[in-house]
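Because the structure is a prediction, the values reported are computed rather than measured.
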Amino acid sequence: MSQDDCDYEYIEQLVYRVQNGEIEAKDQLAIRVKYFIRSIVKKYHINSYRRRDKVSEGYEIMFRCIKDYDVKRGKFFPFIRRCINNHFINLLKATKKGEFKDGKKTLIIDEKLENVLFYEMDYPEDILYEKFNIEVLRKALRSLNEKELELIRYRYYEKKTLKTYAKDKCIDYSTAIRRNKAVLEKLKKLINKELKNYRD
(Lines give C-alpha, C1' and ligand atoms only; values in the text may rest on other atoms or scores of the structure.)
Protein backbone atom coordinates (compact mmCIF):
# COMPACT_ATOMS: atom_id res chain seq x y z
CA MET A 1 0.00 0.00 0.00
CA SER A 2 1.45 3.37 -1.02
CA GLN A 3 1.82 6.39 1.23
CA ASP A 4 -1.07 8.07 -0.61
CA ASP A 5 -3.33 5.13 0.27
CA CYS A 6 -2.59 5.85 3.95
CA ASP A 7 -3.40 9.57 3.70
CA TYR A 8 -6.40 9.41 6.04
CA GLU A 9 -7.18 13.10 5.77
CA TYR A 10 -7.43 12.80 2.00
CA ILE A 11 -9.61 9.68 2.39
CA GLU A 12 -11.99 11.66 4.61
CA GLN A 13 -12.13 14.38 1.95
CA LEU A 14 -12.97 11.80 -0.70
CA VAL A 15 -15.71 10.35 1.52
CA TYR A 16 -17.21 13.82 1.96
CA ARG A 17 -17.18 14.36 -1.81
CA VAL A 18 -18.78 10.95 -2.42
CA GLN A 19 -21.53 11.84 0.07
CA ASN A 20 -22.15 14.92 -2.05
CA GLY A 21 -22.55 12.90 -5.23
CA GLU A 22 -19.16 13.34 -6.95
CA ILE A 23 -18.65 10.38 -9.30
CA GLU A 24 -14.93 11.07 -9.76
CA ALA A 25 -14.39 10.99 -5.99
CA LYS A 26 -16.19 7.62 -5.83
CA ASP A 27 -13.77 6.16 -8.38
CA GLN A 28 -10.76 7.60 -6.54
CA LEU A 29 -11.98 6.26 -3.19
CA ALA A 30 -12.50 2.79 -4.68
CA ILE A 31 -8.85 2.76 -5.80
CA ARG A 32 -7.54 4.03 -2.46
CA VAL A 33 -9.33 1.42 -0.33
CA LYS A 34 -8.95 -1.68 -2.52
CA TYR A 35 -6.27 -3.32 -0.33
CA PHE A 36 -8.23 -2.41 2.80
CA ILE A 37 -11.36 -4.14 1.49
CA ARG A 38 -9.43 -7.16 0.25
CA SER A 39 -7.84 -7.59 3.68
CA ILE A 40 -11.29 -7.70 5.31
CA VAL A 41 -13.11 -10.06 2.96
CA LYS A 42 -10.30 -12.61 2.46
CA LYS A 43 -11.00 -14.27 5.82
CA TYR A 44 -14.59 -15.18 4.90
CA HIS A 45 -15.34 -18.42 3.08
CA ILE A 46 -18.87 -18.62 1.70
CA ASN A 47 -20.08 -21.27 -0.71
CA SER A 48 -20.41 -20.00 -4.31
CA TYR A 49 -18.47 -16.82 -3.47
CA ARG A 50 -15.20 -16.32 -5.31
CA ARG A 51 -12.67 -13.75 -4.12
CA ARG A 52 -13.78 -11.32 -6.80
CA ASP A 53 -17.39 -11.70 -5.65
CA LYS A 54 -16.46 -10.96 -2.04
CA VAL A 55 -14.43 -7.88 -3.00
CA SER A 56 -17.28 -6.59 -5.16
CA GLU A 57 -19.71 -7.10 -2.31
CA GLY A 58 -17.31 -5.31 0.04
CA TYR A 59 -17.36 -2.28 -2.26
CA GLU A 60 -21.15 -2.46 -2.48
CA ILE A 61 -21.51 -2.45 1.31
CA MET A 62 -19.03 0.43 1.65
CA PHE A 63 -20.85 2.67 -0.80
CA ARG A 64 -24.22 1.72 0.66
CA CYS A 65 -23.08 2.65 4.18
CA ILE A 66 -21.15 5.78 3.24
CA LYS A 67 -24.21 8.00 3.49
CA ASP A 68 -24.64 6.94 7.13
CA TYR A 69 -21.06 7.83 8.05
CA ASP A 70 -20.60 10.91 10.22
CA VAL A 71 -17.04 12.18 10.68
CA LYS A 72 -18.05 13.65 14.07
CA ARG A 73 -18.66 10.11 15.42
CA GLY A 74 -15.30 8.62 14.53
CA LYS A 75 -13.08 7.59 11.64
CA PHE A 76 -14.07 6.16 8.28
CA PHE A 77 -11.97 2.97 8.22
CA PRO A 78 -13.25 1.51 11.53
CA PHE A 79 -16.82 2.32 10.52
CA ILE A 80 -16.55 0.64 7.13
CA ARG A 81 -14.68 -2.33 8.60
CA ARG A 82 -17.59 -2.86 10.98
CA CYS A 83 -20.15 -2.56 8.17
CA ILE A 84 -18.38 -5.09 5.93
CA ASN A 85 -17.59 -7.53 8.75
CA ASN A 86 -21.15 -7.47 10.06
CA HIS A 87 -22.50 -8.06 6.57
CA PHE A 88 -20.33 -11.13 5.92
CA ILE A 89 -20.89 -12.56 9.39
CA ASN A 90 -24.62 -12.30 8.85
CA LEU A 91 -24.26 -13.97 5.46
CA LEU A 92 -22.33 -16.82 7.06
CA LYS A 93 -24.99 -17.28 9.72
CA ALA A 94 -27.71 -17.18 7.08
CA THR A 95 -26.06 -19.82 4.90
CA LYS A 96 -25.64 -22.11 7.90
CA LYS A 97 -29.34 -21.79 8.64
CA GLY A 98 -30.32 -22.33 5.01
CA GLU A 99 -31.72 -18.81 4.77
CA PHE A 100 -29.24 -17.25 2.37
CA LYS A 101 -31.48 -17.09 -0.68
CA ASP A 102 -34.58 -15.75 1.06
CA GLY A 103 -33.01 -13.86 3.94
CA LYS A 104 -30.19 -11.86 2.38
CA LYS A 105 -32.20 -8.74 1.61
CA THR A 106 -33.68 -8.61 5.10
CA LEU A 107 -30.25 -8.98 6.69
CA ILE A 108 -28.84 -6.12 4.64
CA ILE A 109 -31.71 -3.85 5.66
CA ASP A 110 -31.17 -4.73 9.32
CA GLU A 111 -27.43 -4.15 9.06
CA LYS A 112 -27.84 -0.44 8.37
CA LEU A 113 -29.40 0.19 11.75
CA GLU A 114 -27.06 -2.32 13.38
CA ASN A 115 -23.90 -0.71 12.03
CA VAL A 116 -24.80 2.87 12.90
CA LEU A 117 -26.12 2.06 16.36
CA PHE A 118 -23.16 -0.08 17.39
CA TYR A 119 -20.69 2.42 16.00
CA GLU A 120 -22.32 5.22 17.99
CA MET A 121 -22.45 3.06 21.14
CA ASP A 122 -18.72 2.38 20.65
CA TYR A 123 -19.04 -1.40 20.98
CA PRO A 124 -15.80 -3.44 20.90
CA GLU A 125 -15.70 -5.05 17.48
CA ASP A 126 -14.36 -8.40 18.68
CA ILE A 127 -17.37 -8.92 20.96
CA LEU A 128 -19.84 -8.24 18.17
CA TYR A 129 -18.05 -10.28 15.55
CA GLU A 130 -17.76 -13.35 17.73
CA LYS A 131 -21.05 -13.30 19.61
CA PHE A 132 -23.56 -10.91 18.12
CA ASN A 133 -26.73 -12.07 16.44
CA ILE A 134 -29.17 -9.70 14.74
CA GLU A 135 -31.92 -11.24 16.82
CA VAL A 136 -30.16 -9.85 19.92
CA LEU A 137 -30.68 -6.33 18.57
CA ARG A 138 -34.32 -7.06 17.79
CA LYS A 139 -34.96 -8.34 21.32
CA ALA A 140 -33.24 -5.35 22.88
CA LEU A 141 -35.25 -2.90 20.76
CA ARG A 142 -38.48 -4.65 21.76
CA SER A 143 -37.60 -3.93 25.40
CA LEU A 144 -37.60 -0.15 24.86
CA ASN A 145 -40.72 1.84 25.65
CA GLU A 146 -42.66 3.73 22.99
CA LYS A 147 -40.97 7.06 23.72
CA GLU A 148 -37.51 5.50 23.45
CA LEU A 149 -38.40 3.64 20.27
CA GLU A 150 -39.71 6.86 18.78
CA LEU A 151 -36.31 8.49 19.31
CA ILE A 152 -34.48 5.53 17.76
CA ARG A 153 -36.87 5.57 14.83
CA TYR A 154 -36.50 9.33 14.45
CA ARG A 155 -32.69 9.33 14.54
CA TYR A 156 -31.68 6.09 12.88
CA TYR A 157 -34.51 5.19 10.52
CA GLU A 158 -35.72 8.62 9.44
CA LYS A 159 -32.19 10.09 9.63
CA LYS A 160 -33.34 13.30 11.34
CA THR A 161 -31.06 15.39 13.53
CA LEU A 162 -31.34 15.91 17.26
CA LYS A 163 -31.88 19.62 16.62
CA THR A 164 -34.94 18.79 14.54
CA TYR A 165 -36.09 16.32 17.20
CA ALA A 166 -35.75 18.99 19.90
CA LYS A 167 -37.74 21.46 17.82
CA ASP A 168 -40.50 18.94 17.05
CA LYS A 169 -40.75 17.93 20.73
CA CYS A 170 -40.50 21.52 22.01
CA ILE A 171 -37.52 20.73 24.24
CA ASP A 172 -34.04 22.19 24.64
CA TYR A 173 -31.33 20.83 22.37
CA SER A 174 -29.28 19.86 25.44
CA THR A 175 -32.27 17.82 26.69
CA ALA A 176 -32.47 16.03 23.34
CA ILE A 177 -28.76 15.17 23.57
CA ARG A 178 -29.16 13.76 27.08
CA ARG A 179 -32.25 11.81 26.03
CA ASN A 180 -30.45 10.30 23.05
CA LYS A 181 -27.47 9.35 25.22
CA ALA A 182 -29.74 7.79 27.83
CA VAL A 183 -31.58 5.70 25.22
CA LEU A 184 -28.29 4.43 23.75
CA GLU A 185 -26.98 3.56 27.22
CA LYS A 186 -30.18 1.69 28.04
CA LEU A 187 -30.07 -0.13 24.71
CA LYS A 188 -26.46 -1.12 25.32
CA LYS A 189 -27.36 -2.56 28.73
CA LEU A 190 -30.23 -4.51 27.18
CA ILE A 191 -27.91 -5.82 24.46
CA ASN A 192 -25.30 -6.86 27.05
CA LYS A 193 -28.02 -8.76 28.87
CA GLU A 194 -29.11 -10.48 25.66
CA LEU A 195 -25.50 -11.28 24.78
CA LYS A 196 -25.06 -12.92 28.18
CA ASN A 197 -28.18 -15.02 27.58
CA TYR A 198 -26.92 -15.79 24.08
CA ARG A 199 -23.56 -17.01 25.49
CA ASP A 200 -25.26 -19.03 28.24
Side-chain angles (χ1 to χ4, degrees), residues 9 11-22 25-26 60-87 89-90 103-129 131-198:
E9 184 175 344
I11 294 292
E12 296 286 345
Q13 292 173 5
L14 285 176
V15 171
Y16 177 78
R17 289 166 56 194
V18 171
Q19 289 176 325
N20 286 278
E22 292 188 31
K26 186 175 181 180
E60 181 184 343
I61 295 303
M62 180 184 74
F63 286 118
R64 181 185 300 144
C65 293
I66 239 176
K67 60 180 176 296
D68 295 315
Y69 171 67
D70 184 350
V71 67
K72 295 178 182 177
R73 297 177 185 168
K75 298 298 183 181
F76 179 69
F77 281 125
F79 176 73
I80 292 304
R81 183 185 295 111
R82 175 163 291 168
C83 292
I84 295 174
N85 272 320
N86 282 353
H87 173 75
I89 286 171
N90 288 327
K104 183 178 177 183
K105 185 175 181 181
T106 301
L107 288 171
I108 290 173
I109 292 171
D110 287 341
E111 282 167 13
K112 293 191 67 177
L113 175 62
E114 174 190 343
N115 290 329
V116 176
L117 274 176
F118 286 125
Y119 191 66
E120 189 155 327
M121 285 188 286
D122 195 28
Y123 249 103
E125 293 183 8
D126 56 340
I127 292 177
L128 295 178
Y129 297 161
K131 301 163 183 173
F132 183 71
N133 185 308
I134 283 182
E135 185 59 29
V136 173
L137 175 58
R138 291 185 181 135
K139 288 181 179 178
L141 286 170
R142 285 198 292 266
S143 297
L144 297 178
N145 62 42
E146 186 56 40
K147 186 177 180 180
E148 293 163 340
L149 279 173
E150 181 185 33
L151 178 55
I152 292 292
R153 191 180 304 115
Y154 200 98
R155 289 280 288 114
Y156 302 104
Y157 280 103
E158 299 177 13
K159 309 295 182 186
K160 295 181 181 178
T161 66
L162 282 176
K163 286 186 177 179
T164 304
Y165 174 82
K167 183 178 180 180
D168 288 350
K169 297 298 178 182
C170 299
I171 59 176
D172 293 335
Y173 178 54
S174 58
T175 301
I177 293 175
R178 288 196 301 271
R179 188 175 294 179
N180 184 68
K181 183 179 179 180
V183 170
L184 290 178
E185 287 177 352
K186 179 177 179 180
L187 187 58
K188 189 169 185 176
K189 288 180 181 178
L190 290 166
I191 289 169
N192 286 336
K193 181 179 178 181
E194 291 297 335
L195 282 172
K196 185 176 184 300
N197 294 334
Y198 184 66

State, to 0.1 Å, how close Arg17 and Ala25 come at their nearest heavy-atom pair, and which atoms those are.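 Heavy atoms of Arg17 and Ala25 come nearest at CB-CB, 3.6 Å.
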Nearest heavy-atom pair of Leu187 and Ala140: which atoms, and what distance?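 That closest heavy-atom pairing would be CD1-CB, 3.8 Å.
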About how many Å separate [atom2] of [Y] and [atom1] of [X], when rounded to the nearest 0.5 Å?
X	Y	atom1	atom2	value
Gln13	Glu9	CD	CD	5.5 Å
Ile84	Arg64	CD1	CZ	11.0 Å
Ile66	Leu14	CD1	CG	9.0 Å
Tyr165	Ile177	OH	CD1	12.5 Å
Leu184	Ile152	CG	CD1	5.5 Å

Pairwise side-chain contact, [X] with [Y], heavy-atom cut-off 4.5 Å (strictly under):
X	Y	answer
Lys167	Tyr173	no
Leu190	Leu144	yes
Ile191	Lys188	no
Glu148	Arg179	no
Asp70	Phe79	no
Asn145	Leu149	no
Pro78	Arg82	no

Inspect the surroundings of NZ in Lys26 and state if more than 12 heavy atoms from other residues, nucleotides or ligands are less than 6.0 Å away.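 No, not enclosed.
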Going by the angle between their ring planes, with limits at 30° and 60°, are Phe76 and Tyr69 parallel, tilted or perpendicular?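 Geometry flag for Tyr69 against Phe76: perpendicular rings.
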For the residue pair Asp168 and Tyr154, confirm or rule out a side-chain donor-acceptor distance under 3.5 Å.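 Per modelled atom types, Asp168 and Tyr154 side chains form a pair under 3.5 Å.
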Could you give me the CA-CA distance, side-chain angles and deciding distance for Leu151 and Leu162, then say whether side chain to side chain contact (heavy atoms under 4.5 Å, CB included) is met? CA-CA 9 Å; Leu151 178 55; Leu162 282 176; 4.3 Å; yes
Counting only N and O atoms by type, is there a donor-acceptor contact under 3.5 Å from the side chain of Arg155 to the main-chain atoms of Lys160?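 Yes, the answer is positive, given that a donor and an acceptor are paired below the 3.5 Å cut-off.
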With no hydrogens and no angle check, is any side-chain donor or acceptor of Asn180 less than 3.5 Å from a backbone partner on Ala176?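 Absent.
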Give a yes or no on whether a salt bridge exists between Lys169 and Glu150, defined as a side-chain N under 4.0 angstrom from a carboxylate O.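 Yes.
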